[in-house]
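Computed from a predicted structure; not experimentally measured. Residues take their numbers from the sequence shown, with the count starting at 1. Counting convention: from 1, in listed order, for ligands and their atoms alike.
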Amino acid sequence: MSIFIKNLANLVGQEVEIKGWLYNKRSSGPIAFLELRDGTGWIQAVAVKAELSPEIWDLVEKVSQESSVAVLGTVSKHPKKDNVYELQVKDFKIIQLAQDYPIAHKEHGPDFLMENRHLWLRSKKQWAILRVRDAIITAIGEYLHQESFIKVDSPVFTPNACEGTTTLFPVPYFDLGTAYLSQSGQLYIEAAIASVGRCYDFGPVFRAEKSKTKRHLTEFWMMDAEAAFVEHDENLNIQEGLVRHIIRYCLKNCKEELTVLERNTEPLEKADQPFTRYTYDQAIAKLHELGSDIKYGEDLGNDDEGLLTKDSEVPVFIAKWPKSIKPFYMKRDPENPELVLNDDLIATEGAGELIGGSQREDDYELLLSRIKAEGLSPEEYQWYLDLRKYGSVPHSGFGIGLERTVRWITGVEHIRECIPFPRTIGRLRP
Ligand code: 4AD
Ligand code: MG
């Protein structure tokens, strides 16, 4: 019977078969140490020449890095390390003998690794990142269902912009003209809340970002959440609850992965406390105190975000921005019509913006005037305006970037490692 490596702890003394790949091999004369990977974990199999037939020992000697193998052996505890197990090899089969695997166990340049992304995914660090990414997705779904959100999918082909017209990807769409790849499913899930109350989508979104930074992809995954009868302050509470749930979930379920990534988890443990809440005005004043030359009314750059959070143990909300630099759908602040009821959430350790959210404009006339003022076509947004005609309610939502979150939790430097097959301005392959 084949067993997953993650389950070996309960099988000490028993004979099991593991199917997987040879990650690494060290030999010292009549003993070979085979490091195996099966997807669920990593284990060292110890093959001793004197205990194997000559045919099997030949296979052990011949097997190469990344060959696929089936290994029969007895599970034992590691002689020195706690919670680490080994396999004493009894039988060994090569399923396919790999030839000259291009990624050796040494430093390679990022371009070479990116070109071999289809193979690079197998390395230990990439394995750990993929698993943390999966854990974050699971944590998000768990938290939202706990808070009575259900998943409602939004389309990828859309006729209009959600986040400004400068980063749209056009696609020819039969006789109907041009479609654009979705920048965010927000507008669609706003429609769905009148059906299900609270909902979220989670899928790939697209932005023709010209920025070549460590934080930008042209295709990334976003979770948009939207809730009826939720106003600005409660919107922030939900976001904070979500992010703290992600931290706790990963600290609990990704210990091995975070160890592989050499992630110091102390800052994450500390981040699980009430978040700081600044208004945009307060953030600008604080930035001036810290020596930034940002002008009131400007968007915060990477450096400003870093400066603002550098001494903070917890993520920082920046709320109520000038409406001139934010999208048309955000609700004006009743206390100051020049501001909107929105927020950006900036993570700690220089990780930058994770979330953009806002209360939505729920008044038909005001929304129409904002659409016109942005030079957008009211006809294209007629369906969205309809939502303000038939049972409009105060409502709010937000979008969290998955890869930005993966980057923060894992501590990986570049966002291109936080998605299996990254798309950036300079990369479309593999
Ligand atoms: O702040 P953004 O643009 O907000 C929206 O799209 C809203 N419609 C969401 C909503 O209210 N439902 O994007 C949300 C998040 C950002 O905070 C960031 O984490 C991520 O998406 N993001 C990117 N991640 C990687 N590469 C890019 N080019 C990104 N642009 C935004
Ligand atoms: Mg944003």
Side-chain angles (χ1 to χ4, degrees), residues 133 136 140 144 149 152-154 158 160-169 180-193 198-227 230 232 235-236 238-239 242-243 246 280 299-302 304-305 315-319 321 325-331 340-347 351-361 384 395-409 412 414-419 422-427:
R133 181 179 164 104
I136 294 171
I140 290 174
L144 290 171
F149 288 78
V152 171
D153 301 313
S154 57
T158 60
N160 41 24
C162 180
E163 296 298 320
T165 49
T166 54
T167 61
L168 285 170
F169 274 112
Y180 302 98
L181 300 180
S182 177
Q183 299 166 309
S184 158
Q186 177 199 323
L187 308 187
Y188 292 94
I189 61 168
E190 277 189 63
I193 57 165
R198 292 179 164 206
C199 59
Y200 70 100
D201 66 12
F202 206 152
V205 292
F206 305 86
R207 303 216 181 155
E209 299 267 11
K210 301 253 158 57
S211 11
K212 277 191 193 166
T213 77
K214 292 174 179 167
R215 305 189 302 162
H216 286 90
L217 295 162
T218 53
E219 173 176 337
F220 60 98
W221 280 60
M222 172 139 61
M223 189 287 289
D224 296 284
E226 198 69 28
V230 164
H232 178 73
N235 193 26
L236 269 59
I238 295 171
Q239 293 166 44
L242 172 68
V243 172
I246 293 172
Y280 175 86
D299 201 354
L300 269 65
N302 192 10
D304 296 310
E305 289 178 356
V316 174
F317 282 110
I318 308 171
W321 292 54
I325 50 170
K326 286 292 172 184
F328 69 95
Y329 54 72
M330 293 183 176
K331 187 176 174 69
V340 285
L341 295 176
N342 77 312
D343 67 276
D344 278 7
L345 180 67
I346 315 299
E353 181 192 329
L354 297 185
I355 291 184
S358 70
Q359 187 165 343
R360 319 306 189 185
E361 185 52 73
Y384 185 65
H395 65 286
S396 303
F398 62 93
I400 182 167
L402 177 61
E403 293 75 17
R404 294 271 181 97
T405 311
V406 173
R407 181 168 171 257
W408 180 49
I409 298 284
V412 162
H414 204 299
I415 198 165
R416 67 185 166 212
E417 291 184 45
C418 299
I419 183 165
R423 302 293 179 241
T424 59
I425 181 167
R427 180 155 302 278

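Judged by distance alone, with hydrogens and angles left aside, the side-chain atoms of R404 form a donor-acceptor pair with the main-chain N or O of E353 at under 3.5 Å. Judged purely by atom type and a 3.5 angstrom limit, E219 has no side-chain atom pairing as donor or acceptor with the backbone of R423. Judged by distance alone, the side chain of T158 and the main-chain N or O of Y180 form a donor-acceptor pair under 3.5 Å. With T167 contributing its side chain and E209 its backbone, the two residues share no donor-acceptor pair below 3.5 Å. When atom types are taken as modelled, the side chain of D224 and the backbone of G185 share a donor-acceptor pair closer than 3.5 angstrom. A donor-acceptor pair under 3.5 Å links the side-chain atoms of Q359 to the main chain of H232, judged by distance alone. Here the side chain of D153 pairs no donor or acceptor atom with the backbone of D201 at under 3.5 angstrom. Judged purely by atom type and a 3.5 angstrom limit, Q183 uses its side chain to pair as donor or acceptor with the backbone of C162.
The tally of protein N/O/S atoms under 2.8 Å from the Mg ion (ligand 2) stands at 1.
Atoms of ligand 1 found under 4.0 Å from any heavy atom of M222, numbered from 1 in the order shown, are 6 (O), 13 (O), 14 (C), 15 (C), 21 (O). Shown in contact with G401 at under 4.0 Å from a heavy atom are these atoms of ligand 1, numbered in order with element: 15 (C), 19 (O), 20 (C), 21 (O). Every atom of ligand 1 with a heavy atom of D224 under 4.0 Å away is listed here by number and element: 9 (C), 10 (C), 12 (N). Residue-ligand proximity, I355 to ligand 1, at heavy-atom distances under 4.0 Å covers atoms 17 (O). Which parts of ligand 1 touch G356 is read off a 4.0 Å heavy-atom cut-off, strictly below it: atoms 1 (O), 9 (C), 10 (C), 11 (O), 17 (O). Residue E209 approaches ligand 1 through these ligand atoms, each under 4.0 Å from one of its heavy atoms: 28 (N), 30 (N).
Nearest protein heavy-atom contact of atom 5 (C) of ligand 1 is E163 OE2, 3.3 Å. Counting protein heavy atoms only, atom 1 (O) of ligand 1 is closest to E353 OE2, 3.1 Å. If you check which protein heavy atom lies closest to atom 28 (N) of ligand 1, you get L217 O, 2.9 Å. Nearest protein heavy-atom contact of atom 19 (O) of ligand 1 is L354 O, 2.8 Å. Of the protein's non-hydrogen atoms, the one nearest atom 18 (C) of ligand 1 is R404 NH1, 3.6 Å.
Nearest heavy atom pair, residue D299 against residue I325, reads N-CD1, 3.9 Å. Across every non-hydrogen atom of C418 and V406, the tightest pair is CB-CG1, 3.7 Å. Looking at every heavy atom in both residues, L217 comes nearest to P422 through CD2-CB, 4.0 Å.
Under 4.0 angstrom from ligand 1, the non-hydrogen atoms of R207 all belong to its side chain. Of the heavy atoms in F220, only side-chain atoms (C-beta onward) come closer than 4.0 Å to ligand 1. Under 4.0 angstrom from ligand 1, the non-hydrogen atoms of R215 all belong to its backbone. Contacts between R360 and ligand 1 below 4.0 angstrom, taking non-hydrogen atoms only, involve the side chain exclusively. The proximity of Y329 to ligand 1, defined as any non-hydrogen pair under 4.0 Å, is limited to the side chain. Both the backbone and the side chain of H216 come within 4.0 Å of ligand 1, counting heavy atoms alone.
Once rounded to the nearest 0.5 Å, the distance linking CZ of F202 with CE of M222 reads 10.5 Å.
Between W321 and Y280, the ring-plane angle classifies as tilted under the 30° and 60° cut-offs.
Side chains of Y329 and Q186: a donor-acceptor N/O pair is present below 3.5 angstrom, by distance only.
In terms of polar-atom proximity, defined here as any N/O pair under 3.5 Å, I400 makes no such contact with ligand 1.
In this structure, M223 does not count as a contact residue of ligand 1, since none of its heavy atoms falls inside 4.0 Å of the ligand.
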Requested in this report: Decide yes or no on salt bridge (Lys or Arg N to Asp or Glu O under 4.0 Å) for R133 and E403, but give the supporting numbers first.
Outcome: CA-CA 8 Å; R133 181 179 164 104; E403 293 75 17; 2.8 Å; yes

